[in-house]
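A short write-up of the structure that comes next.
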There are 2 protein chains.
Amino acid sequence: MGHSRAEKAKTHKRIVSIASKKFREKGLAGFGIAELMKEAGLTVGGFYKHFDSRDDLVAEAVNSAFGGWQRRTDASKSGGSPVSVARLIDEYLSETHRDNPGSGCAFSALAPEIARSDKRTRSLTSEQVRRDFQLIATLLPARDRRTARSRAILIISALVGALSMARAVSDEALSREILGTVREVLKHSAVSHPEAKA
Amino acid sequence: MGHSRAEKAKTHKRIVSIASKKFREKGLAGFGIAELMKEAGLTVGGFYKHFDSRDDLVAEAVNSAFGGWQRRTDASKSGGSPVSVARLIDEYLSETHRDNPGSGCAFSALAPEIARSDKRTRSLTSEQVRRDFQLIATLLPARDRRTARSRAILIISALVGALSMARAVSDEALSREILGTVREVLKHSAVSHPEAKA
DNA sequence: ATTATCTATAGATCTATAGATAATGC
DNA sequence: ATTATCTATAGATCTATAGATAATGC
């Protein structure tokens, strides 16, 4: 009890990190503050010295859950395995991603709940979406930026929808079919390879 | 108090119908049984003579929320305005649909929450997804059924993802851009018009 | 002295059940 | 007699706050 300020900052990050994972796994209403604080090795009373309200935590935790592609691209630049849109598609629509929402895309795990959240959460989400559109558009070959952006928006929409559906159905074969089909169609269609069209 | 069996069946349908709308609007955990029964003009006590548990209601209400395209197509056959995939795309990605989740697609409103629901809800959802894939595949022109099915799966994925994102962002311009872009790309790309490719 | 965290709890939920009441239906 | 619905409530949550405790940091 009674720690330093540096310690508090670390504690804050730990709470956000755990919440960010748990929200994606169990939904924005899937657990209470007591359960969260316990997992962080703390008790419920300390929570409100870190956040004004539960919604405050939601905004911060959801926001921190975004940026996977950005981190993936940065890692690639500093020596990780190289990225291409085809690669990001394969990773996004993998069974690993499907079965591990806690460390995956916040959108496929939470989009409808974010839509019902307060202004701050949705505002932060808007920025992240804009960032992802830009990131994918930059990675796409295209005649012009406008075309690249359109394709990026279609690809991201298809990814989010396909993963959401693959998780919602209980039939494993159907789930795999969704992942596999969208993976292949996106990679081979004229949408991501415009050259093939001309 | 104390009504006929026919009356009870009607009451049951009314509860399911209201719940189906409210789930899509407020999420699967967005309201309690007391609130629901009050909206149906009843009190909380009667609920468990209609459903074994809350999850039972979820399964039934979510299932009844599907089938929009089927009803749309049936209506068209019996004299309504004609359907085509292009038309369904325009309707699905309209601002009207975006702003009225209660009467819209259960998938874009609930997919991640369905993914966390019990077996029965997910099993019923699987069947509905299969039905929708078939329905759209049938409406698509294609060399063979396999190609049509692949395209149907891509289109539906893109629709669900685009609408989910359009609802989640707070920036109206960005939201409209998502709807408009996916609408146009899906309608014009080789994905839905294979002839253009050959 | 300030503050990060703790214990304890108020007040508002929510699901589910028990038992009463007023109809239906044999 | 059966049953569809009602009133009332038990027991388990959950968010947020008050006040105590044990550190930090001037």
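Chain letters run A, B, ... following the sequence lines, proteins first, then strands; residues in each count from 1. This structure is a prediction, so every number in the text was calculated from the model and none was measured.
At a threshold of 4.5 Å between non-hydrogen side-chain atoms, the residues B:Arg72 and B:Ser81 count as touching. Residues B:His50 and B:Val16 are not in side-chain contact: their nearest non-hydrogen atoms beyond the backbone lie 4.5 Å or more apart.
A tilted orientation is assigned to the rings of B:Trp69 and B:Tyr92, their planes being inclined by 30° to 60°.
Rounded to an integer number of Å, the gap from CG of B:Asp52 to P of C:dT15 is 16 Å. Separating the CZ atom of A:Phe47 from the P atom of C:dT5 is a distance of 13 Å, rounded to the nearest angstrom. A:Lys26 has its NZ atom 12 Å from the P atom of D:dT13, to the nearest Å. Rounded to whole angstrom, the span from the CZ atom of B:Phe31 across to the P atom of C:dC14 amounts to 11 Å. Note: NZ (B:Lys10) to C1' (D:dA4) measures 15 Å, nearest angstrom. Atom CZ of B:Arg14 and atom C1' of D:dA4 are 12 Å apart (whole Å). The interatomic distance linking B:Leu57 (CG) with C:dC14 (C1') rounds to 14 Å, in whole Å. Residue B:Glu7 contributes atom CD, which lies 15 Å from atom C1' of C:dG25 at whole-angstrom precision.
The residue among B:Arg5 and A:Arg54 whose nearest nucleotide of DNA chain D is located toward the 5' end is B:Arg5. Residue-to-nucleotide proximity on DNA chain C shows that, of B:Ala6 and B:Ile33, the 5′-proximal contact is made by B:Ile33. Nucleotides of DNA chain C nearest to A:Met37 and B:Ala34 differ in position, and the one nearer the 5' end is that of A:Met37.
For A:Ser4, counting side-chain heavy atoms from C-beta on, the closest listed nucleotide (C:dT15, D:dA16, D:dG25) is D:dG25. Taking only side-chain atoms of B:Leu42, from C-beta outward, the nucleotide of C:dA16, D:dT5, C:dT5 with the closest atom is D:dT5.
A sub-4.0 Å separation between OP1 or OP2 of C:dT5 and a side-chain N or O of A:His50 is present. For the pair B:Tyr48 and C:dT17, the criterion of a side-chain N or O lying under 4.0 Å from OP1 or OP2 is not met. OP1 or OP2 of C:dA16 has not a single side-chain nitrogen or oxygen of B:Ser53 nearer than 4.0 Å. Close to C:dT5, at under 4.0 Å from its OP1 or OP2, lies no side-chain N or O of A:Lys49.
Residue B:Gly32 is in sugar-phosphate contact alone, with no base atom involved, counting any heavy-atom pair closer than 4.0 Å across all strands shown.
Salt-bridge formation is detected for the pair A:Glu172/A:Arg98: a Lys NZ or Arg NE/NH1/NH2 atom is positioned less than 4.0 Å from an Asp or Glu carboxylate oxygen. Ion pairing between B:Asp99 and B:Arg167 fails under the 4.0 Å rule for side-chain N and carboxylate O. A salt bridge links B:Glu35 to B:Lys26: at least one charged side-chain nitrogen sits closer than 4.0 Å to a carboxylate oxygen. Between A:Glu25 and B:Arg116, none of the side-chain N atoms (NZ, or NE/NH1/NH2) sits under 4.0 Å from a carboxylate O, so this pair counts as no salt bridge.
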5'-to-3' dot-bracket of DNA chain C (Watson-Crick, G-U; under 3.5 angstrom; crossing pairs as [ ]; | other strand): ||||||||||||||||||||||||..
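Between the side chains of B:Asp144 and B:Thr147, a donor-acceptor pair is found at a separation under 3.5 Å.
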